[in-house]
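Written out below as structure tokens is the structure these notes cover.
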2 protein chains.
Amino acid sequence: MLEPITPAVEADAEKPKTRRDAAGTKARILAVATREFASHGFEGATTDDVAAKARVNKRMIYHYFGSKEQLYLEVLEQAYANARGAEARLKLDEADPVAALTRLTEFTFDSFSRDRTFISLLNTENRQKAKVLKKSSRVEDMNSTIMASVDRILQKGAASGAFRKDLDAFQLWISVVGVSYFYFSNIHTLSVIGGRKLDDPALLAQRRRHVVDFVLSAVRP
Amino acid sequence: MLEPITPAVEADAEKPKTRRDAAGTKARILAVATREFASHGFEGATTDDVAAKARVNKRMIYHYFGSKEQLYLEVLEQAYANARGAEARLKLDEADPVAALTRLTEFTFDSFSRDRTFISLLNTENRQKAKVLKKSSRVEDMNSTIMASVDRILQKGAASGAFRKDLDAFQLWISVVGVSYFYFSNIHTLSVIGGRKLDDPALLAQRRRHVVDFVLSAVRP
DNA sequence: AATATAATTCACTCATCAGTTACTTAATAA
DNA sequence: TTATTAAGTAACTGATGAGTGAATTATATT
């Protein structure tokens with residue numbers, strides 16, 4: 001029990017034990033922190049766990065981010081930046097209004113379906129009344145782009161007679177997101193209450209069809 | 001500084017200092033715990049705070065509930081029971097299908113508008129993959145009533161020609177709840193991003209109109 | 001009045017957690 | 001080569017948090 005451990009295997013091909021990699025370390029912390037904050041919320045996530053899972057000394061978190069709250073803010077900013085980036089790649093302006101609205105609705109559904117991390121972070125942030133997001137300088141104009149797109153789609157649709165004319169872009173956008181968001185945000189409790197697994201592929205496909213159909217039906221004149 | 005405190009005022013009309021009130025104590029703990037879990041999440045809420053704010057010795061929490069998790073489960077069960085109770089009082093079967101669906105949609109919106117506690121609890125529970133709700137024995141059939149109501153509304157509407165005939169009750173119900181839920185669940189982040197306070201009475205009224213209009217438009221044939 | 005039971009209090013433990021002090025070592029530039 | 005800077009480590013602190021042991025006291029029952 002008390003014999004010294006013989007360093008048999010570890011002695012081979014020893015590169016400098018600790019290669020330094022500032023960017024990599026910071027990125028790894030951020031990636032792990034995103035998972036941890038999403039899974040456990042701000043209060044439930046611990047810097048000790050983040051450090052361990054990122055295979056990094058805890059001190060590094062404070063070296064690169066200063067505090068748990070600042071780390072959380074950067075996680076949130078990155079999540080928003082990702083979402084905005086994906087939206088920007090959507091090219092909603094080229095298609096005809098019905099196709100564009102369809103594409104936006106499907107895109108929203110598919111994004112949430114693929115990864116619920118952003119939903120979890122948003123829920124945590126809203127529980128805290130967005131007190132951290134309010135401190136962000138990078139998040140000001142994050143909505144204007146998509147909002148403007150929706151507005152243009154609605155105008156084209158109203159002009160061509162494809163859509164009714166009294167639609168508000170902001171209200172519609174919230175509804176488009178909402179019908180997908182609620183399904184995925186509450187997928188676990190809904191599954192328990194409803195007695196069926198809502199992440200079953202067949203049910204997901206049914207929901208996707210319903211969501212698109214629901215939105216398109218609502219906007220027709 | 002070190003003189004004994006003179007018990008001047010407190011000496012008058014002294015009823016037995018600690019009146020015992022099992023039901024009251026338990027109810028107070030539950031009420032405070034509901035607020036605390038909603039505000040801070042399961043991990044963020046503390047039994048010390050619950051005890052202090054309920055003006056109760058911490059030991060009482062363990063006396064009546066056994067553990068923090070069990071307390072949280074009872075909070076959740078009570079919240080579900082309340083929601084179900086309110087739904088049951090709705091009497092959706094008497095009105096004509098359009099009126100009934102309108103009433104359900106408005107009721108859902110108004111419930112969330114009045115109090116977002118239930119939303120917060122649901123979000124916390126979903127972050128934990130409903131692991132606590134799964135342990136509940138009281139929650140099994142909680143959905144069947146409202147689900148059956150929606151189904152009957154849809155059948156009447158389809159028969160009378162007021163609604164399209166291919167609607168699924170479960171999918172529709174999720175959409176009806178979703179368009180209100182997302183607005184209130186994310187009211188703080190949406191307010192920051194959108195640059196306007198979504199809990200402003202004028203905006204609330206606008207949202208309410210939109211939601212009802214959106215749902216009714218979606219179901220017409 | 002004596003007894004049993006349940007409500008309540010006090011003082012404690014042990015673990016964990018955010019953040020820090022003080023150091024070591026690799027990479028880089030002079 | 002050496003000095004400087006930045007990356008990384010180890011070991012700690014002080015606070016707080018969930019949960020408990022053991023007593024005390026109010027109330028109901030006999």
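Because only heavy atoms are used, hydrogens play no part in the values below, and waters and symmetry mates are left out as well, while side chains stay in. These numbers were taken from a predicted model, which means no experiment stands behind them. Here is how names work: the chains are called A, B, and so on, in the same order as the sequence lines, proteins then strands, and each is numbered from 1.
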| field | Positions of residues 44-69 of chain B (non-hydrogen atom under 4.0 Å from DNA chain C), listed by number | value | B:N57, B:R59, B:M60, B:H63, B:Y64
| remark: Note: contacts of residues 29-39 of chain A with DNA chain C (heavy atom, under 4.0 Å) are none
| request: Can you label the angle between the B:W173 ring and the A:F182 ring as parallel, tilted or perpendicular, going by 30° and 60°? | output: perpendicular
| note | residues 26-38 of chain B vs side chain to side chain donor-acceptor pair (under 3.5 Å), sequence neighbours excluded, gives B:E36-B:K53
| query | For A:R59, which residues count as a side-chain hydrogen bond (donor to acceptor under 3.5 Å, both in side chains) partner, sequence neighbours excluded? | reply | none
| remark: Between CD of A:E43 and P of D:dT16 the distance, given in whole Å, is 16 Å
| task | Scan for ring pair (Phe, Tyr, Trp, His ring centres under 6.0 Å) pairs involving residues 49-75 of chain B, sequence neighbours excluded, and state none if there are none. | result | B:F37-B:Y72, B:F42-B:Y72
| Integer-rounded Å distance: C:dA7 C1' and B:R28 CZ | 12 Å
| query | What bend angle does the helix from C:dA1-D:dT30 to C:dA30-D:dT1 show across its length, from five-pair end axes and to the nearest 10 degrees? | reply | 0°
| Who are the side-chain hydrogen bond (donor to acceptor under 3.5 Å, both in side chains) partners of A:K197, not counting sequence neighbours? | none
| Which whole-number value in Å describes the distance from B:R20 CZ to D:dA26 C1'? | 4 Å
| query | Sequence neighbours excluded, which residues qualify as side-chain hydrogen bond (donor to acceptor under 3.5 Å, both in side chains) partners of B:R152? | reply | B:D93
| field | For atom CG of B:D21 and atom C1' of C:dT9, their distance in whole Å | value | 17 Å
| Can you pull the salt bridge (charged side-chain N to carboxylate O under 4.0 Å, His left out) pairs that have at least one residue in residues 63-81 of chain B, sequence neighbours excluded? | B:E69-B:K131, B:E69-B:K135, B:E77-B:R138
| field | Qualifying side chain to side chain donor-acceptor pair (under 3.5 Å) pairs, either residue in residues 177-193 of chain A, two or more places apart | value | A:N123-A:Y181, A:N123-A:S185, A:Y181-B:N186, A:N186-B:Y181, A:T189-B:N126
| query | Who are the side-chain hydrogen bond (donor to acceptor under 3.5 Å, both in side chains) partners of A:D115, not counting sequence neighbours? | reply | A:T117
| message | Which residues pass the salt bridge (charged side-chain N to carboxylate O under 4.0 Å, His left out) test with A:D168, not counting sequence neighbours? | response | none
